[in-house]
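Worksheet for the structure shown next.
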Amino acid sequence: MPKNQEIERKFLLRGLPPGLENDNAILIVQEYLLTGDPEIRIRAKGKKFMLTQKTGSGLTRTETEIEIPYEVYEILENLSSSSRLVKYRYKIQGDDGLTWEIDEYQGALLEDLVIAEVELPSEDTSPQMPQCISDVFVKQVTDDPAYKNQSLATNGLPL
């Protein structure tokens with residue numbers, strides 16, 4: 001199983017950055033088999049199905065992820081809790097070469113929530129936020145556990 005350190009910053013946005021096209025979005029459905037630490041989730045991302053374990057919190061976390069066949073995903077989906085989220089993901093390439101992922105969450109509990117994430121090569125990397133994201137930037141939420149996907153799936157929008 002591939003095990004990686006995930007170094008990621010998350011940012012709350014007040015809406016989608018201008019210029020994103022819906023036909024470039026990928027639909028992602030995530031369901032949690034176990035919340036807490038570790039968290040274990042299954043994910044349908046386009047035609048790929050993944051089983052993921054994440055541990056830790058904040059900027060750097062450990063992530064172990066494997067691709068699984070649809071039939072295994074379907075079995076695990078029946079075991080999942082009611083912790084589920086649906087989002088559309090867009091990608092923007094920054095001037096510094098980093099890829100920014102913009103998630104537009106769906107469903108009544110997460111309506112109007114938009115989060116930008118950027119994975120970093122090291123903890124001391126300072127990403128350059130693309131102007132279109134800067135235009136809708138609200139605040140950084142990397143260290144706020146209420147904005148972790150498992151918390152959003154379980155509790156909905158933070159108050």
Side-chain angles (χ1 to χ4, degrees), residues 2-32 35-65 67 83-159:
K3 190 180 272 192
N4 298 328
Q5 288 290 93
E6 175 187 63
I7 305 168
E8 179 178 80
R9 292 199 187 277
K10 295 177 84 162
F11 305 89
L12 177 63
L13 307 180
R14 68 175 168 269
L16 280 177
L20 293 182
E21 300 293 328
N22 277 345
D23 44 338
N24 291 333
I26 296 172
L27 178 65
I28 296 174
V29 178
Q30 282 181 195
E31 299 193 49
Y32 289 84
T35 57
D37 193 10
E39 70 182 57
I40 299 176
R41 73 169 189 228
I42 55 173
R43 175 187 270 183
K45 183 178 178 182
K47 295 185 187 288
K48 287 190 173 190
F49 304 94
M50 308 300 287
L51 174 64
T52 305
Q53 174 182 295
K54 287 189 175 190
T55 57
S57 62
L59 179 63
T60 302
R61 302 174 70 196
T62 300
E63 179 181 80
T64 305
E65 186 169 67
E67 190 167 347
S83 301
R84 177 182 203 217
L85 54 82
V86 177
K87 58 189 177 180
Y88 285 99
R89 175 164 288 168
Y90 306 82
K91 291 189 177 189
I92 296 174
Q93 193 73 28
D95 290 339
D96 56 4
L98 297 175
T99 300
W100 290 73
E101 296 177 337
I102 313 302
D103 290 339
E104 179 184 32
Y105 292 81
Q106 305 297 302
L109 293 178
L110 298 174
E111 190 173 6
D112 298 326
L113 178 63
V114 179
I115 299 281
E117 299 178 351
V118 61
E119 285 200 27
L120 307 172
S122 68
E123 285 190 11
D124 59 351
T125 301
S126 294
Q128 296 174 331
M129 186 178 284
Q131 186 62 48
C132 64
I133 296 174
S134 238
D135 290 345
V136 291
F137 169 79
V138 175
K139 65 180 177 177
Q140 185 174 173
V141 294
T142 304
D143 295 321
D144 188 338
Y147 287 94
K148 286 177 69 172
N149 278 321
Q150 70 165 317
S151 178
L152 294 170
T154 305
N155 305 318
L157 280 172
L159 298 176

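- When side chains are defined from C-beta on, Val29 does not count as touching Ile42, because their heavy atoms never get closer than 4.5 Å.
- Between Ile102 and Leu13 there is a side-chain heavy-atom pair separated by less than 4.5 Å.
- A side-chain donor-acceptor contact under 3.5 Å links Arg14 to the backbone of Asp135.
- Residues Tyr105 and Val86 fail the side-chain proximity criterion, which asks for heavy atoms closer than 4.5 Å.
- Closest of all the heavy-atom pairs between Leu59 and Leu120 is CD1-CD1, 4.4 Å.
- Taking CD1 from Ile28 and CD from Glu101, the interatomic distance works out to 7.0 Å, rounded to the nearest 0.5 Å.
- One distance of note links NZ of Lys47 with CD1 of Ile26; it measures 12.0 Å at 0.5 Å rounding.
- To the nearest 0.5 angstrom, Ile115 atom CD1 is 12.0 Å from Glu104 atom CD.
- Not a single donor-acceptor pair under 3.5 Å links the side chain of Asp103 to the backbone N or O of Arg89.
- Residues Leu152 and Pro158 are in side-chain contact: their nearest non-hydrogen atoms beyond the backbone lie under 4.5 Å apart.
- Residues passing the salt bridge (charged side-chain N to carboxylate O under 4.0 Å, His left out) test with Glu39 are Arg61, sequence neighbours excluded.
- Judged by distance alone, the side chain of Thr142 and the main-chain N or O of Lys10 form a donor-acceptor pair under 3.5 Å.
- The two residues Ile40 and Leu51 make their nearest non-hydrogen contact at CG2-CD1, 3.9 Å.
- Atom CG of Asp96 is separated from atom OG1 of Thr125 by 9.0 Å, given to the nearest 0.5 angstrom.
- To the nearest 0.5 Å, the span separating CD on Gln30 from CG on Leu85 amounts to 5.0 Å.
- Minimum interatomic distance between Gln53 and Pro38 (heavy atoms only, all atoms of both residues): CG-CB, 3.8 Å.
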Steps toward side-chain contact (heavy atoms from CB on, under 4.5 Å) verdict (Asn149, Glu117): CA-CA 12 Å; Asn149 278 321; Glu117 299 178 351; 4.3 Å; yes
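- Listed here is the closest heavy atom pair of Thr154 and Ser83: OG1-OG, 3.2 Å.
- Lys45 has no carboxylate O lying under 4.0 Å from a charged side-chain N of Glu67, or vice versa, which leaves the two without a salt bridge.
- Between Thr60 and the options Glu6, Glu123, Gln5, a side chain to side chain donor-acceptor pair (under 3.5 Å) holds for only Glu123.
- Within the 4.5 Å cutoff, the side chain of Ile92 has heavy atoms near those of the Cys132 side chain.
- Across all non-hydrogen atoms, the minimal contact from Leu157 to Glu111 is CD1-O, 3.8 Å.
- Side chain of Glu63 to backbone of Thr52: no donor-acceptor contact under 3.5 angstrom is found.
- At least one side-chain heavy atom of Pro121 sits under 4.5 Å from a side-chain heavy atom of Leu98.
- The structure places CD of Glu65 at 6.5 Å from CZ of Arg43, a figure rounded to the nearest 0.5 Å.
- In this structure the side chain of Tyr90 never reaches within 4.5 angstrom of the side chain of Pro17, judged on heavy atoms.
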Test side chain to side chain donor-acceptor pair (under 3.5 Å) applied to Arg9 and Gln140, step by step: CA-CA 8 Å; Arg9 292 199 187 277; Gln140 185 174 173; 3.2 Å; yes
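- Taking 4.5 Å as the limit, every side-chain heavy atom of Phe11 sits out of range of all side-chain heavy atoms of Ile133.
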